[in-house]
Amino acid sequence: MKAPIIRSVAKVRRLMGRTQPRRRTLNLALQGGGAHGAFTWGVLDYLLEDGRIDFDGVSGTSAGAMNAVILADGLLRGGRDGAREALADFWQTVAQSAPFETAVPTLEGDGVMPSPAIQILLQWSRYFSPYELNPFDFNPLREIVSERIDFARLRKQSQVQLFIAATHANSGRLRLFRNGELTPDALMASACLPTLHHAVEIDGEPYWDGGYSANPAIYPLLFECQARDVVLVLLSPLIYDGGTPRSAAEIHSRALELAFSANFLREMAMYAHARRYSSEGWLPLGRLERRLAGSRMHLIESQDLIGHLGTSTKLAAHLPFLQSLRDLGRERAREWLAQTREDLGRRSTIDLEVLFG
């Protein structure tokens with residue numbers, strides 16, 4: 001009688017495998033981009049709502065760091081629904097805390113137009129330092145994250161590995177804050193634009209926005225996480241449309257964008273080269289080569305959706321604008337997951353050589 005029972009159990013398991021959704025565990029790499037980070041909010045919101053994706057490691061810079069830490073804290077508080085609520089609450093509060101009207105709420109035509117107040121602030125920031133314009137370093141974002149994130153619990157209990165990037169202001173070196181090091185200061189350092197805010201001091205050392213050194217850092221996801229799938233959620237274009245900048249304003253904007261992308265592009269080019277180099281050799285693969293060969297890369301990009309938006313709109317913390325970006329992120333994540341779900345855990349869905357080589 002044992003054989004029929006065994007066959008029946010196997011059949012039940014096969015049937016269950018057909019009806020139960022297959023779960024996948026991913027690593028996320030979240031770029032910074034100020035208010036444009038609301039697009040990433042939408043991506044995360046859809047992945048959480050889908051319910052078939054788990055997260056191993058999340059690397060984030062600036063707005064990407066905010067999304068990463070809010071995600072991990074929300075999962076601790078209330079699982080997937082808790083994370084979705086935490087992300088929504090964070091971005092809504094950011095919009096409500098803006099000290100003045102920040103934008104005209106439209107994504108049509110040339111995109112969101114920053115308010116006169118924002119434009120004046122950006123003009124002044126070219127001639128005056130934040131130590132002159134903002135001597136008391138007023139930043140409502142510090143209060144928002146301090147009130148909403150339980151850093152003590154996050155440091156001890158988070159199942160998601162976090163890698164939050166900041167830049168050492170006196171050397172340009174990347175500083176990664178991992179779970180056990182997370183504090184409000186670490187998170188604020190990752191988003192510290194030196195033209196608008198004072199450097200954040202941690203253990204006596206000054207830090208600026210992580211975008212100057214990694215936007216975001218990829219290597220910890222490859223070498224410190226168990227999951228082999230890495231999803232890049234990019235807010236900066238890989239190729240800029242519209243030709244070479246000509247006006248002073250266009251050149252300034254492009255130079256700023258490139259400064260925040262250069263290290264990420266260099267890191268990805270290195271991985272593309274290393275993977276190709278290791279695949280061409282005839283010797284047995286070492287530990288590093290096996291890690292690189294076993295990684296699977298994926299991409300959720302926003303260029304065709306928000307690439308036309310000007311750099312100044314990254315300061316446009318206007319709720320309708322943020323919600324529009326969220327909706328675009330949700331739709332892009334839905335499309336991406338529908339196209340790549342069967343590839344997750346099996347193969348890369350982008351060609352590193354083509355994109356970064």
Side-chain angles (χ1 to χ4, degrees), residues 29-37 58-70 94 97 99 118 121-149 151-152 154-155 162-220 235-236 252-253 255-267 311-312 314-315 317:
L30 309 181
Q31 270 192 341
H36 295 185
V58 185
S59 179
T61 297
S62 196
M66 299 291 168
N67 278 319
V69 175
I70 294 291
V94 165
S97 69
I118 286 290
L121 176 62
L122 291 174
Q123 285 278 350
W124 285 356
S125 70
R126 298 183 187 182
Y127 302 102
F128 301 97
S129 84
Y131 298 89
E132 298 168 314
L133 290 175
N134 186 7
F136 298 105
D137 199 24
F138 171 73
N139 189 347
L141 193 56
R142 178 181 292 277
E143 183 177 348
I144 293 172
V145 300
S146 297
E147 289 180 349
R148 279 160 179 76
I149 300 171
F151 284 93
L154 198 63
R155 288 192 295 267
L162 295 169
F163 308 96
I164 303 305
T167 304
H168 188 260
N170 291 340
S171 68
R173 293 176 180 172
L174 168 65
R175 169 70 188 275
L176 281 182
F177 294 94
R178 293 167 172 80
N179 294 46
E181 304 169 295
L182 288 177
T183 63
D185 279 344
L187 193 53
M188 296 306 299
S190 184
C192 176
L193 288 173
T195 55
L196 299 178
H197 298 289
H198 299 196
V200 177
E201 288 202 4
I202 300 174
D203 298 329
E205 299 293 336
Y207 292 95
W208 286 348
D209 194 293
Y212 292 109
S213 54
N215 192 23
I218 305 302
Y219 73 87
L235 302 178
S236 298
H252 176 81
S253 177
L256 186 62
E257 291 280 350
L258 294 178
F260 277 86
S261 300
N263 283 297
F264 165 74
L265 295 174
R266 187 180 300 113
E267 185 180 9
T311 301
S312 58
K314 294 179 180 182
L315 296 178

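The basis for the numbers below is simple: all heavy atoms, side chains too, and nothing from hydrogens, waters or symmetry mates. Starting from 1, each residue takes its place in the sequence as its number.
Looking at Val94 and Met66, their side chains never come closer than 4.5 Å, going by heavy atoms from C-beta outward. Annotation: side chain of Asn170 is in contact with side chain of Pro206 (closest heavy-atom distance under 4.5 Å). Counting only heavy atoms from C-beta outward, the side chains of Tyr219 and Leu176 approach each other to under 4.5 Å. In this structure, the side chains of Phe151 and Pro184 come closer than 4.5 Å at one or more pairs of heavy atoms. You'll find the side chain of Phe264 reaches within 4.5 Å of the side chain of Ile218, heavy atoms only. Here the side chains of Leu154 and Leu162 are in contact, with some heavy-atom distance below 4.5 Å.
Contact detail for Ala63 and Gly33: the closest heavy-atom pair is CB-N, 3.9 Å. Looking at every heavy atom in both residues, Leu174 comes nearest to Ala165 through CD1-CB, 3.7 Å. When all heavy atoms are compared, the tightest approach of Thr311 to Glu257 is OG1-OE2, 3.2 Å. Across all their heavy atoms, Ala68 and Ile164 have their closest contact at CB-CD1, 4.3 Å. Nearest approach of Ala217 to Ser59, heavy atoms of both residues: O-OG, 2.6 Å.
A distance of 9.5 Å separates NZ in Lys314 from CG in Leu193, rounded to the nearest 0.5 Å. Ser261 OG to Arg266 CZ: the interatomic distance, rounded to the nearest 0.5 Å, is 11.5 Å. Between Phe260 atom CZ and Leu235 atom CG the span is 12.5 Å, to the nearest 0.5 Å. To the nearest 0.5 Å, atom CE of residue Met188 and atom OG of residue Ser146 are 8.0 Å apart. In this structure, Cys192 SG and Leu187 CG are separated by 12.0 Å, a value rounded to the nearest 0.5 Å. The distance from the CG atom of Asp185 to the CZ atom of Arg142 is 4.5 Å, given to the nearest 0.5 Å.
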* To do: Please step through side-chain contact (heavy atoms from CB on, under 4.5 Å) for the pair Ile149 and Leu182, ending with a clear verdict.
  => CA-CA 10 Å; Ile149 300 171; Leu182 288 177; over 6 Å; no
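Side-chain N or O atoms of Asn263 include one that pairs as donor or acceptor with a backbone N or O of Tyr212 at under 3.5 Å. Distance alone, capped at 3.5 Å, is enough to place a donor-acceptor pair between the Thr61 side chain and the Ala214 backbone. In this structure, the side chain of Ser190 engages the main chain of Ser62 through a donor-acceptor pair within 3.5 Å. Panel note: side chain Thr183, backbone Ala186; a donor-acceptor pair is recorded below 3.5 Å.
Ion pairing between Arg175 and Glu181 holds under the 4.0 Å rule for side-chain N and carboxylate O.
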